[in-house]
Undergrad: 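First the structure, which I've put down as structure tokens, then a few questions once you've had a look.
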Amino acid sequence: EGFIGVEARLDPSSYVYSPLCHLSGGFAFYAWSRGTRAGDFVLSVGGYHPDYDKPAHYPLVPRVELKYQVSPEVYLKGDAYFALTPSVMMAGGGLHAHAEIGSLVAWADFSADFWVAWEPFHYDARMHIGIGARWKCFHTTASADLHIWGPDFSGSAHVEWFVFSFDLEFGAGSPTVPMAIGVEKF
């Protein structure tokens, strides 16, 4: 039929380091050699960029995820993905940490999502970091977001603390997503 498809999923009982550190997720490789999709392919470990408009014929691939109850007070969760198609390469992931020690609750989040398209060349990267803490009646949070794209190298940043926030823009223009190249051109 001119199609090859390989998919794999981690077993639900998979773990790393200890049974309290669960690992899940999937992998897929699809390639077409005949018909209207001839030359198209996708390789994915953990899925796709959150803003990627996945073609209907590409497989759904669950995010690679690690959940670790380090101790009764500390919990970590991380996720990651990578995908390659004829028009774009994308990668990213995140990490969340949460701790409850007596009446102190603290958390931190980090995430990053990247993609690079070619013909025409285009890149886009988004990063987020957020932290927070609560102790009795005291509560504070802070976060920063950075979005970079190009060419031309441009971007925006947003910083927020519970008492103030500000935005910063640099470079030229606003982000645009170029049209994807066809399989033949790839």
Side-chain angles (χ1 to χ4, degrees), residues 24-26 42-56 58 60-70 73-181 186:
S24 63
V42 60
L43 168 69
S44 176
V45 177
Y48 310 93
H49 188 286
D51 295 334
Y52 181 62
D53 188 17
K54 180 186 80 60
Y58 282 8
L60 287 173
V61 183
R63 197 67 93 220
V64 172
E65 196 171 70
L66 182 73
K67 296 177 181 177
Y68 186 22
Q69 188 71 50
V70 179
E73 298 83 16
V74 179
Y75 176 74
L76 299 173
K77 178 184 174 187
D79 65 74
Y81 66 91
F82 170 84
L84 178 66
T85 76
S87 63
V88 66
M89 185 280 303
M90 55 197 102
L95 178 64
H96 172 77
H98 184 91
E100 290 189 40
I101 304 165
S103 56
L104 173 66
V105 178
W107 60 93
D109 290 298
F110 172 77
S111 65
D113 295 292
F114 307 96
W115 74 6
V116 176
W118 34 89
E119 233 17 85
F121 177 69
H122 176 76
Y123 57 88
D124 189 286
R126 293 177 187 264
M127 288 149 274
H128 167 81
I129 188 165
I131 58 172
R134 184 176 67 242
W135 183 67
K136 297 186 180 182
C137 63
F138 175 76
H139 179 253
T140 187
T141 61
S143 66
D145 294 283
L146 177 64
H147 183 195
I148 297 171
W149 63 87
D152 297 324
F153 181 75
S154 303
S156 64
H158 176 77
V159 175
E160 191 169 311
W161 189 37
F162 78 104
V163 293
F164 70 88
S165 68
F166 65 89
D167 294 304
L168 177 68
E169 294 188 10
F170 52 92
S174 58
T176 58
V177 178
M179 295 297 295
I181 62 172
F186 174 78

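All heavy atoms count here, side chains included; hydrogens, waters and symmetry mates do not. From a predicted model like this one, the values you see are computed outputs, not experimental measurements.
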Undergrad: If you round to the nearest 0.5 Å, how far is CG of Asp109 from NE2 of His128?
TA: 5.5 Å

Undergrad: To check you understand the geometry: which heavy-atom pair defines the closest contact between Val61 and Gly46, and what is its length?
TA: CG1-N, 3.7 Å

Undergrad: Which residues satisfy the side chain to side chain donor-acceptor pair (under 3.5 Å) test with Glu169, sequence neighbours excluded?
TA: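 For Glu169, no residue satisfies side chain to side chain donor-acceptor pair (under 3.5 Å) once neighbours in sequence are set aside.
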
Undergrad: Got a sec: does the CG of Leu104 have more than 12 other heavy atoms crowding it under 6.0 Å?
TA: yes

Undergrad: Let me know which of Phe114, Phe82, Trp115 forms a ring pair (Phe, Tyr, Trp, His ring centres under 6.0 Å) with His49.
TA: Trp115

Undergrad: Can you tell if the side chain of Tyr81 reaches within under 4.5 Å of the side chain of Pro62, non-hydrogen atoms only?
TA: no

Undergrad: Around atom CG of Asp53, are there more than 12 heavy atoms from other residues, nucleotides or ligands closer than 6.0 Å?
TA: no

Undergrad: I'd like to check the side chain to side chain contact (heavy atoms under 4.5 Å, CB included) partners of Val116; sequence neighbours left out, ordered by chain and number.
TA: Met89, Trp118, Phe121, Tyr123

Undergrad: Taking C-beta and beyond as the side chain, do Val64 and Val45 meet within less than 4.5 Å on heavy atoms?
TA: yes

Undergrad: Residues in side chain to side chain donor-acceptor pair (under 3.5 Å) with Trp135, at least two apart?
TA: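 Checked Trp135 against side chain to side chain donor-acceptor pair (under 3.5 Å); matches are Ser103.
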
Undergrad: Which value, rounded to the nearest 0.5 Å, describes the distance between Ser156 atom OG and Leu168 atom CG?
TA: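 One finds 8.5 Å between OG of Ser156 and CG of Leu168.
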
Undergrad: Any non-hydrogen side-chain atom of Tyr75 less than 4.5 Å from a side-chain atom of Val70?
TA: no

Undergrad: Taking the side chain as every heavy atom from C-beta outward, state whether Asp124 and His147 have any atom pair closer than 4.5 Å.
TA: yes

Undergrad: Can you see which heavy atom on Ala142 is nearest to which on Trp161, and at what distance?
TA: CB-CD1, 3.8 Å

Undergrad: Check salt bridge (Lys or Arg N to Asp or Glu O under 4.0 Å) between Lys67 and all other residues, then give those that pass, not counting sequence neighbours.
TA: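 So Lys67 forms a salt bridge (Lys or Arg N to Asp or Glu O under 4.0 Å) with Glu65.
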
Undergrad: Between Ile131 and Ser143, is any pair of side-chain heavy atoms under 4.5 Å apart?
TA: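 Contact flag for Ile131/Ser143 side chains = no.
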
Undergrad: Among residues at least two apart in sequence or on other chains, which ones pass side chain to side chain donor-acceptor pair (under 3.5 Å) with Tyr48?
TA: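 Residues passing side chain to side chain donor-acceptor pair (under 3.5 Å) with Tyr48: none at all.
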
Undergrad: Does Gln69 have any side chain to side chain donor-acceptor pair (under 3.5 Å) partners at least two apart in sequence or in another chain, and if so, which?
TA: none

Undergrad: Is it the case that the side chain of Arg134 and the backbone of Val105 share a donor-acceptor pair, with hydrogens and angles ignored and the cut-off at 3.5 Å?
TA: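 Side chain of Arg134 to backbone of Val105, a donor-acceptor pair under 3.5 Å: no, none is there.
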
Undergrad: In Å and rounded to the nearest 0.5 Å, what is the CG to CG distance from Asp51 to Asp113?
TA: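 Interatomic distance, Asp51 CG to Asp113 CG, rounded to 0.5 Å: 7.5 Å.
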
Undergrad: Just by modelled atom types, is the Gly150 backbone N or O under 3.5 Å from a matching donor or acceptor in the His122 side chain?
TA: yes

Undergrad: Take His158 and Asp167 through the test side-chain hydrogen bond (donor to acceptor under 3.5 Å, both in side chains) and record every step on the way to the result.
TA: CA-CA 5 Å; His158 176 77; Asp167 294 304; 2.5 Å; yes

Undergrad: Taking the side chain as every heavy atom from C-beta outward, state whether Ser111 and Met127 have any atom pair closer than 4.5 Å.
TA: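 Of all side-chain heavy-atom pairs linking Met127 with Ser111, none is under 4.5 Å.
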
Undergrad: Heavy atoms, side chains only, cut-off 4.5 Å: are Glu160 and Thr141 in contact?
TA: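 A side-chain contact is absent here, since even the closest heavy-atom pair is not under 4.5 Å.
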
Undergrad: Within the 4.5 Å heavy-atom criterion, are Tyr68 and Lys77 side-chain neighbours or not?
TA: no

